[in-house]
Amino acid sequence: MELQRCEEQRLQERKGQKRKLEEEIQEDRDATPLPTGDARRALLAEVTAQVKVLDSAFSWHESDRAAAKRATHVLAELAKNEEVVNVIVEGGAIPALVKHLQAPLSDEGDLSLKPFEHEVEKGSAFALGLLAVKPEHQQLIVDSGALSHLVNLLRRYKDSSTSRAVISVIRRAADAITNLAHENSSIKTRVRMEGGIPPLVELLEFTDTKVQRAAAGALRTLAFKNDENKNQIVECNALPTLISMLRSDDAAIHYEAVGVIGNLVHSSPNIKKEVLAAGALQPVIGLLTSCCSESQREAALLLGQFAATDSDCKVHIVQRGAVRPLIEMLHSPDIQLKEMSAFALGRLAQDMHNQAGIAHMGGLVPLLKLLDSKNGSLQHNAAFALYGLADNEDNVSDFIRVGGVQRLQDGEFIVQATKDCVAKTLKRLEEKIHGRVLNHLLYLMRVTEKPVQRRVAFALAHLCSPDDQRTIFIDNNGLELLLGLLGSTNPKQQLDGAVALYKLANKAMTLSPMDAAPPSPTPQASLKKLVNIVPCISKCTQEPNEKPIIVIIRVLFTDFFDGSLSSVITYDLMQVYLGEQYVNNATLSDVTFLVEGRRFYAHRICLLASSDAFRAMFDGGYRVSSLLWCFNVPVGCPSSSRSVPRVSFPLGVRVKIIWLILQEKDARDIEIPNIRWEVFELMMRFIYTGSVDVTLDIAQDLLGAADQYLLEGLKRLCEYTIAQDVTLDNVSSMYELSEAFHAISLRHTCILFILEHFSQLSDRPGYVFLLHLCI
């Protein structure tokens with residue numbers, strides 16, 4: 001079903017083409033303006049005069065025949081200009097011309113030479129063919145009885161010598177049938193019912209090549225989307241002659257022949273099998289190297305249709321040498337030629353035996369280049385061919401080595417079907433990145449030139465399994481290759497590096513709860529707590545002349561792959577949650593905090609169990625660290641690997657805080673000078689219940705309080721809330737916030753945001769400042 005759907009979206013419909021009835025007309029001539037006013041009246045008068053001549057000159061008298069010949073010639077010359085065709089029809093030309101498609105009656109037994117024999121009929125057929133160029137006139141001509149007369153003209157060679165006049169009248173009759181039946185299903189049926197198909201098939205073997213072309217053109221039109229006509233053409237034994245015409249040295253002959261065969265096999269599996277059984281495959285393949293680009297295009301399209309027959313046919317097409325010329329056609333400046341070639345290769349690439357061969361012969365690169373086309377059909381045909389090639393493990397390394405993943409990722413695809421096809425191609429590639437394919441890619445990442453190494457690293461960042469990330473990006477230096485892209489002076493490479501690192505981080509984060517808010521514990525449910533291990537970036541060493549931002553990202557990803565951000569450990573924290581009812585409750589309270597002049601009642605046992613900061617506060621150790629904190633000196637708290645945040649206060653406030661701290665150990669009332677009441681109350685509620693709803697309007701202040709009192713769970717809740725609000729406009733301030741309060745999770749979020757939106761941020765005036773900020 002998928003193959004059939006893709007065919008319908010890509011296959012350019014074969015339509016019977018209207019013939020150029022007057023080959024001497026120059027294609028680039030300027031169109032005559034539509035006549036108006038006096039010019040139109042004069043034209044109509046001229047048409048009326050010629051119609052009167054035709055109506056009155058229907059006899060074998062030489063003067064009548066000469067006058068009728070001149071009249072048909074005049075009307076044909078006028079009809080070459082499509083702008084005046086309506087005026088000709090309005091003047092009554094159609095009935096008069098149809099009348100002269102047949103010869104006047106002659107006396108019985110009259111064997112004398114007839115003046116202008118066949119000439120008047122030829123002129124009438126020519127003029128009617130030109131009038132039929134407009135669809136609205138086709139039915140008028142048929143309703144006037146033209147078809148039966150035209151079919152009779154096709155048979156004139158049987159009753160007369162093959163003179164030049166006979167050849168001309170037959171050709172003009174075939175051309176007129178072509179134009180009358182063009183995209184008109186009812187007229188196609190009428191032609192068959194009038195007996196027009198058998199003589200057209202017979203004319204395929206006529207000695208004059210122009211007649212052969214005209215007959216093939218008519219059959220091509222009649223076969224398009226008309227199953228009954230197709231069957232009759234085949235029943236009339238047209239296939240052997242058409243296949244012989246495929247081998248003709250005359251490009252016009254084999255172009256019409258391949259067009260007829262194409263219309264016969266389209267959506268007709270049984271006829272397709274008959275055509276193949278009749279020996280059409282090799283001559284069609286031969287047309288791929290024709291000097292006629294139209295024949296090449298039709299042959300490629302026909303091979304694509306043949307390839308849908310069965311898997312054996314796909315293999316036979318490749319074995320008979322079709323792939324190389326099809327790939328050469330991908331380089332043609334002719335868009336339609338490239339489109340049909342890509343279509344055929346896409347069909348052939350649905351067979352596993354052909355996929356490696358097409359890639360080996362050089363098909364990958366030109367197909368990838370076609371993804372940049374602005375033509376939607378061409379884009380889709382190329383995408384479908386690549387989808388087939390991606391199904392073979394032997395092609396995956398080549399696909400990645402030539403930059404195929406970047407092109408698929410960066411492409412601007414016009415239609416949704418192409419986007420879906422590209423997504424499925426990437427999925428196919430992703431499913432094959434394991435075992436020998438992965439080993440070969442790792443080999444390429446070690447030994448090939450730097451651009452190829454980076455392409456491989458980029459592709460693996462998008463396609464590899466999370467289980468293989470450490471092997472690829474730590475053990476085999478893949479991370480350094482991506483960081484090399486990010487540190488490049490080339491903006492495109494910087495963007496590629498950022499996108500790859502962001503994709504890689506997202507995969508690593510699927511193993512980590514880092515971005516999710518921590519679960520709220522049930523009061524008194526457990527004495528154990530899950531704690532995320534976070535990286536300590538400050539202890540990493542920096543290479544000489546290396547951007548510190550690169551160092552930060554390196555350590556960040558090293559921690560991802562080491563599992564330190566995804567692993568959890570348990571340790572006895574002896575956490576005690578007294579419950580909501582004890583929040584700011586004087587019952588059994590043994591310590592009071594003074595916040596903005598208001599008392600907050602608390603319980604030492606709950607505070608001692610909540611964090612090292614409160615234990616230090618009540619055993620006296622907190623005084624020393626708090627004194628240093630007041631003077632903006634970062635120090636570590638007892639039993640903690642975290643440093644107290646750097647916060648600056650005016651000297652008078654510092655003196656007051658110091659005086660309060662010196663009294664804290666034995667004091668029942670402890671003043672909290674730097675936290676607002678609502679922030680402190682929310683912090684205490686978390687300590688008593690282990691759960692709190694953090695809103696965006698208070699999250700930043702609460703983060704500062706949680707960091708000051710070393711409440712990691714509350715910090716995580718605050719970081720999660722703040723991280724949901726990171727935008728292009730505030731990412732700098734959010735990064736500053738993460739640094740001020742040692743919010744590692746928030747800092748990682750900011751870095752990943754910068755990678756994700758690298759292109760937008762790089763265009764902003766503050767981009768350099770942002771990088772310095774991260775540094």
Side-chain angles (χ1 to χ4, degrees), residues 15-59 61 63-102 104 116 119-147 149-150 153 168-169 171-184 186-187 217 221:
K15 298 180 180 180
Q17 297 182 341
K18 296 184 180 180
R19 303 197 52 77
K20 297 176 182 177
L21 299 178
E22 182 53 55
E23 297 175 358
E24 292 78 17
I25 300 175
Q26 295 188 10
E27 295 180 358
D28 59 348
R29 71 175 185 177
D30 296 332
T32 305
L34 183 65
T36 58
D38 292 341
R40 189 180 189 282
R41 284 190 290 272
L43 176 61
L44 186 58
E46 175 68 15
V47 171
T48 303
Q50 300 306 324
V51 169
K52 287 181 179 179
V53 170
L54 291 175
D55 288 339
S56 62
F58 191 63
S59 75
H61 291 109
S63 59
D64 286 344
R65 294 293 287 175
K69 178 183 175 182
R70 285 194 300 272
T72 58
H73 178 75
V74 169
L75 290 175
E77 286 297 313
L78 291 174
K80 290 178 182 178
N81 178 9
E82 289 189 30
E83 299 298 330
V84 303
V85 165
N86 289 338
V87 179
I88 298 172
V89 174
E90 181 184 343
I94 289 178
L97 289 167
V98 170
K99 181 180 180 180
H100 282 271
L101 287 175
Q102 57 186 329
F116 304 107
E119 295 289 339
V120 178
E121 296 90 288
K122 179 190 76 171
S124 294
F126 184 30
L128 286 169
L130 290 171
L131 295 178
V133 168
K134 288 204 170 185
E136 60 267 29
H137 299 153
Q138 293 172 337
Q139 198 64 45
L140 289 174
I141 296 172
V142 171
D143 291 343
S144 297
L147 278 183
H149 298 316
L150 290 170
L153 291 178
S168 296
V169 75
R171 181 161 65 95
R172 294 308 188 192
D175 289 344
I177 290 174
T178 299
N179 278 12
L180 285 171
H182 179 70
E183 293 186 348
N184 192 314
S186 65
I187 294 179
T221 297

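Just so it is clear, the values below take in all heavy atoms, side chains as well, and ignore hydrogens, waters and symmetry mates. In this chain, residues are counted from 1 in sequence order. What you see is a predicted model; the values in this text were computed from it and never measured.
The side chain to side chain contact (heavy atoms under 4.5 Å, CB included) search around A66 returns R70, F116, not counting sequence neighbours. Residues satisfying the side chain to side chain contact (heavy atoms under 4.5 Å, CB included) test with N184, not counting sequence neighbours, are Q138, Q139, S186, I187.
At distances below 3.5 Å, at least one donor-acceptor pair connects side-chain atoms of H100 with backbone N or O atoms of L54. Looking at N179, its side chain never comes within 3.5 Å of a backbone N or O of A132 through a donor-acceptor pair.
To the nearest 0.5 Å, atoms CD (Q102) and CG (L150) are separated by 11.0 Å. Between atom OG of residue S168 and atom CD of residue E119 there is a gap of 7.0 Å, rounded to the nearest 0.5 Å. One distance of note links CG of L128 with CG of L75; it measures 9.5 Å at 0.5 Å rounding. In this structure, R172 CZ and L130 CG are separated by 8.0 Å, a value rounded to the nearest 0.5 Å. Taking NZ of K52 as the reference point, atom CG of D55 lies at 10.0 Å (rounded to 0.5 Å).
Using a cutoff of 4.0 Å between basic side-chain nitrogens and carboxylate oxygens, E121 and R65 are scored as salt-bridged.
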query = When you look at L97 and L101, which way does the side chain to side chain contact (heavy atoms under 4.5 Å, CB included) test go after all the steps?
reply = CA-CA 7 Å; L97 289 167; L101 287 175; over 6 Å; no
task = Could you check L131 against I88 for side chain to side chain contact (heavy atoms under 4.5 Å, CB included), going step by step and ending with a plain yes or no?
result = CA-CA 8 Å; L131 295 178; I88 298 172; 3.9 Å; yes
ask   = Given the rule in the side chain to side chain contact (heavy atoms under 4.5 Å, CB included) test, do E90 and N86 qualify, once you have shown the distances and angles that lead to the verdict?
value = CA-CA 6 Å; E90 181 184 343; N86 289 338; over 6 Å; no
